[in-house]
Amino acid sequence: MFYSDPTRIQDLLEGLNEPQCQAVTSQSQYLLVLAGAGTGKTRVLTHRMAWLIQDQGYSPFQLMAVTFTNKAAKEMKNRVSDLIGIDARNLWVGTFHGLSNRILRIHAQEAGLKPQFQIMDMGDQLSFIKRLMKDFNIDTETYKPKDLQYFINDQKEQGLRAEQSEDTYSNPHFEKMKSLYVLYQERCESEGVVDFGELLLRSYELITRNENIRQKYQQHFAHILVDEFQDTNDLQYRWLQLIAGTEGALFAVGDDDQSIYAFRGARVENLFDFERRFAKGSVVRLEQNYRSNQGILEAANAIISHNKARLGKELWSDKTSEHQIYVVGHERDFDEARYVVNKIDTYRQSGVHLNEMAILYRSNAQSRLFEQNLVQQGIAYRVYGGMRFFDRQEVKNALAYLRLLGDPHNAYAFLRVVNFPPRGIGARTIEQLTQNLEQTGQSYYDLVDTLKLSATKKLQAFKEMVQKWTEQAHMMKLSELLAWVINDSGMRLYYQNQKESVDRLDNLDELVYATEQFCREYDLEGYHAFDMITFQGIQMRLLDAFLSHVGLEPGERHVGDTTEDAVQLMSVHASKGLEFQIVFIVGLEEGLFPHANNDMPEEERRLMYVAITRAKDELYLNHAGYRRLHNMEHYSAPSEFLLQLPEHLIQQRGFPVHVKSPKSFGVRRFGQLSKTQNFASGNQIKTNSKTVYTSQNEHNGYHVGQQVSHAAFGKGTIVSFVGSGESTQVKVAFKGQGVKTLKLSMAKLMKLS
DNA sequence: CCTCAGCTGTTTTTT
DNA sequence: ACAGCTGAGG
């Protein structure tokens, strides 16, 4: 039973501020909570859930809460559980994909899927596509596997099957892509695998088409709560509306100012649409920030106010500013790195914890220089954004063995491990198997016995080994089975004999541990690998439960000890939702941040807004006049964002400006700049002491900001110059086509005006 | 089966 | 600069 524990009943509204309270207890069917950074949005979500259960008498199972990350889902479960003392493990709280997966497992048959269908991650999907294209002899130079992958995922995110796809971008490859999408989907069906997009789309179609199922869910879920609503894509928004039906309540929490995922299909327009169509008049704004001091918030507000497409919101705090915001100009990228690391060292000596300091950058490649300096100074640090645990090749190989045990007909798993570790089954053998596969409709696993090939003996030995494991699996715990497979397959020995594979062996042990951990978490310790168990209310084999779990939770994105006190290095994207006492934002230069490849200037500004609002106490904004990127020299003006900061907040201001002179190349002059100067549009810049020129804003008679015309791309504006001499490249922003990088000597740009 | 030269792409990232 | 991948050749 899931009634809340009477000994724990408490006033759930205590300690909430006025708008928070209003949101938690709202009686509107549709409510939009515009929750600014650091305003207690998770608090509102969890308290609303607890309030609906404890004070409004809903069964916990009548609520659905949707998040984007597993981390957020887990946190929400824990906090609800802490608030009202219920077991939150089986609640309908999860990611869009996790919840879709759950629905599809319950109705696998109606959805046309095997009960043990397996989920492909992005890497699996790409190899799947490469295999498909190879088998159909598609020229992978003309049609890049990655392009097809993006095409398919993009179509699915829009809720489109191949036959519904329309060429909205005048893509010259469109018809071909569409036909490949058909082939791709056919193969997914025949091999019984689904990609991430398919989970959403398939469950959407299931609920749309099957009236019984639709009624069941629409009647069942009285309240649907959504976190990070501004990050929903087209299909996710429709999915939510479908499940809510006409009766269900939709409680959407989001922040249009923190929408930074358009590149992966997020549509901030969904939030505007929701406000217009459903929540008209039912909008609660959370504006009191409990994280940063007033100065930092003023800076954030000033930056974001330059955006036009927003519902409007102003953060405030009752913490006054004790400190200033520092804007620091550096000559070169490594000066910036040295400066930041020295500052960190100083703060450390004065007693600030390292994990209360963060270095935030626009692109991950920027971490390198900071790492070098931190190593030199002997300061512990942690870089976020590396490879995930379940993405490592040794882990994927071990899991592929498990997948093969879960479904011997799984082609992906078979091909991945049939010759790993190497056992003499080469590409030629696989080719022959593949040819027969299409003709006979049998799986690779079946074909081993029916074909006479030179490698048949070896193939049969492999199959016997898998059969042996399968028989034993009935009597083994999942962790025992996995450990045995790792040894018996020869994987462990293989990695032992490889040089520098110590980490890989550790990871394999870690994986075995992860299976134990999984069983412990869901009270499944007593079961064998093939035993039928109940997982999230669904009957399935333990092995299948584990496999679908790892398919959707690929582990942490960073490595090593997370408890060690260490400086935090991460991209601005990765920092969303986190907070630090002292924040260093680095690389604030035109072209880098805002990034030249992003044709959505407002999204770049929102990114800056996210970065600033991470800081609790102190904020350092750094930029360099010169940096090396992709082995080329880049000279850039300071970021426009620096010029949009209120003057009175800024403590230090030294914009370096390069003087145009071949002899004194790279020499800089510091000067106090007035806010009105526009670095990007001209090459003449006035400081308080003299007029100087930015050296690389001008090249062979062309200059940054100049309007030009190109034979193929049409009209555009010069954004920057890269490199020097013969090899100079020019970046031009063309109307409607984004930024192109061209070789200046070849580009034949016509000067306009 | 393994190694190495050569080619490509290099913003952000979750599931 | 550099990582990741492919294909040729030992």
Side-chain angles (χ1 to χ4, degrees), chain A residues 66-73 94-101 119-127 130 134 140-141 144-147 150 153 156-157 194-201 227-228 231-233 235-236 259-266 333 360-369 384-388 390-391 393 419-428 494 497-499 548-557 570-577 587 591-600 603-604 606-608 610-611 627-634 738-739 741:
Chain A
V66 196
T67 63
F68 275 85
T69 65
N70 292 302
K71 199 175 147 201
T95 61
F96 279 100
H97 296 84
L99 297 168
S100 296
N101 177 52
I119 300 165
M120 292 193 284
D121 65 22
M122 291 288 276
D124 301 337
Q125 190 190 26
L126 188 60
S127 359
K130 283 180 181 167
K134 197 175 180 184
T140 50
E141 288 296 304
K144 299 263 166 64
K146 270 221 168 85
D147 290 348
Y150 290 138
N153 292 341
K156 288 193 178 183
E157 271 165 16
V194 300
D195 56 52
F196 286 132
E198 186 70 18
L199 289 170
L200 257 300
L201 183 51
D227 191 15
E228 306 281 13
D231 290 340
T232 51
N233 65 34
L235 181 58
Q236 287 162 337
S259 163
I260 55 174
Y261 286 109
F263 69 91
R264 64 175 202 217
D333 46 3
L360 307 183
Y361 32 77
R362 180 60 177 76
S363 67
N364 286 310
Q366 288 169 254
S367 72
R368 206 186 206 103
L369 282 173
Y384 291 76
M387 193 176 281
R388 294 153 172 284
F390 287 110
D391 280 344
Q393 59 141 303
N419 197 35
F420 184 86
R423 47 175 76 91
I425 301 169
R428 189 81 202 102
Y494 175 84
N497 292 334
Q498 291 270 305
K499 281 172 196 157
S548 89
H549 175 79
V550 299
L552 292 168
E553 285 197 34
E556 292 286 321
R557 250 193 113 95
M570 65 189 82
S571 69
V572 178
H573 283 90
S575 76
K576 191 163 161 226
L592 187 59
F593 194 6
H595 203 283
N597 287 2
N598 193 342
D599 51 12
M600 299 180 61
E603 178 153 293
E604 289 293 310
R606 291 192 288 263
L607 210 40
M608 181 65 182
V610 168
R627 71 175 62 235
R628 194 164 257 275
L629 218 67
H630 311 317
N631 201 24
M632 277 199 274
E633 298 168 351
H634 290 250
V739 178
T741 306

* Anything under 30° is parallel, anything over 60° is perpendicular, the rest tilted; go ahead and classify H573(A) against Y261(A). => tilted
* **H573(A) over dT12(B), stacked by centroid distance under 5.5 Å, angle under 30°** => no
* **Gap between atoms CD and P, on Q366(A) and dC2(C) respectively (whole Å)** => 16 Å
* Asked: Can you tell me if E604(A) uses its side chain to pair, donor with acceptor, with the backbone of H595(A) under 3.5 Å?
  -> yes
* To do: Kindly point out which of dT14(B), dT13(B), dC1(B) is positioned nearest to the side chain of A574(A)?
  => dT13(B)
* To do: Determine the contact category for R423(A): base if any of its heavy atoms lies under 4.0 Å from a base atom, sugar-phosphate if only primed atoms, P, OP1 or OP2 are that close, otherwise nothing.
  => sugar-phosphate
* Asked: How is K156(A) classified with respect to the nucleic acid when contacts are heavy atoms under 4.0 Å: base, sugar-phosphate, or nothing?
  -> nothing
* Asked: Looking only at side-chain N and O atoms, does K144(A) come under 4.0 Å of OP1 or OP2 in dG9(B)?
  -> yes
* **Residue-phosphate contact under 4.0 Å: R264(A) side-chain N/O, dT11(B) OP1/OP2** => no
* Using whole Å, report how far CG of D227(A) lies from P of dT14(B). => 15 Å
* Asked: dT13(B) and dG4(C): how far apart are their P atoms, nearest whole angstrom?
  -> 16 Å
* Asked: Between the main-chain N or O of D121(A) and the side-chain N or O of D124(A), is there a donor-acceptor pair closer than 3.5 Å?
  -> yes
* Any idea which of dT12(B), dA1(C), dT6(C) is nearest the F263(A) side chain? -> dT12(B)
* To do: Using atom OH of Y384(A) as one end and atom P of dT14(B) as the other, report the distance to the nearest whole Å.
  => 13 Å
* To do: Give R368(A) one of three labels, base, sugar-phosphate or nothing, depending on what nucleic acid heavy atoms sit under 4.0 Å from its own.
  => sugar-phosphate
* To do: Round to the nearest Å and state the distance from F593(A) atom CZ to dT11(B) atom P.
  => 15 Å
* Asked: Is there a side-chain contact between R627(A) and L592(A), using heavy atoms and a 4.5 Å cut-off?
  -> yes
* Could you tell me whether a side-chain N or O of D231(A) sits under 3.5 Å from a main-chain N or O of A266(A), the two making a donor and an acceptor? => no
* Structure fact -> In whole angstroms, the gap separating C1' of dT15(B) from CG of D231(A) amounts to 13 Å
* Structure fact -> Taking dC2(B), dT11(B), dT12(B) as options, the one with an atom nearest any side-chain atom of S571(A) is dT12(B)
* Could you tell me whether F68(A) contacts a base, only the sugar-phosphate backbone, or nothing, with contacts defined as non-hydrogen atoms closer than 4.0 Å? => sugar-phosphate
* Asked: N419(A) side chain N/O closer than 4.0 Å to the phosphate oxygens (OP1, OP2) of dC1(B)?
  -> yes
* To do: Answer yes or no: does a side-chain N or O of K130(A) lie under 4.0 Å from OP1 or OP2 of dT6(C)?
  => yes
* To do: Return yes if some donor-acceptor pair links the side-chain N/O of D333(A) with the main-chain N/O of R628(A) below 3.5 Å, else return no.
  => yes
* To do: Under 4.0 Å between any heavy atoms, over every strand shown, what does N70(A) touch: base, sugar-phosphate, or nothing? Just pick one.
  => sugar-phosphate
* **Under-4.0 Å side-chain N/O to phosphate OP1/OP2 contact, N364(A) with dT11(B)** => no
* Asked: Does the R606(A) side chain pair with the main chain of S259(A), one donor and one acceptor, at a distance under 3.5 Å?
  -> yes
* Spacing of D121(A) atom CG relative to dT15(B) atom P, expressed in whole Å -> 12 Å
* Asked: Looking for any heavy atom pair under 4.0 Å, which part of the strands does D195(A) touch: base, sugar-phosphate only, or nothing?
  -> nothing
* To do: Under 4.0 Å between any heavy atoms, over every strand shown, what does D124(A) touch: base, sugar-phosphate, or nothing? Just pick one.
  => nothing
* To do: Please figure out whether G424(A) or V572(A) has its closest DNA chain B nucleotide nearer the 5' end.
  => G424(A)
* Using a cut-off of 4.0 Å on non-hydrogen atoms, how would the nucleic acid contact of G197(A) be classed: base, sugar-phosphate, or nothing? -> nothing
* **Rounded interatomic separation in angstrom, taking OH from Y494(A) and P from dC1(B)** => 10 Å
* To do: Check whether the aromatic ring of Y261(A) stacks on the base of dT13(B), taking stacking as ring centres less than 5.5 Å apart and planes within 30° of each other.
  => no
* **For atom NE2 of H630(A) and atom P of dA3(C), their distance in whole Å** => 14 Å
* Residue N597(A), side-chain atoms from C-beta onward, closest of dT11(B), dT15(B), dC1(B) -> dT11(B)
* To do: Please check the phosphate of dT13(B) (OP1 and OP2 only) for any side-chain N or O of R388(A) closer than 4.0 Å.
  => no
* Asked: Taking for each residue the nucleotide of DNA chain B with the nearest heavy atom, is it M122(A) or L607(A) whose nucleotide lies nearer the 5' end?
  -> L607(A)
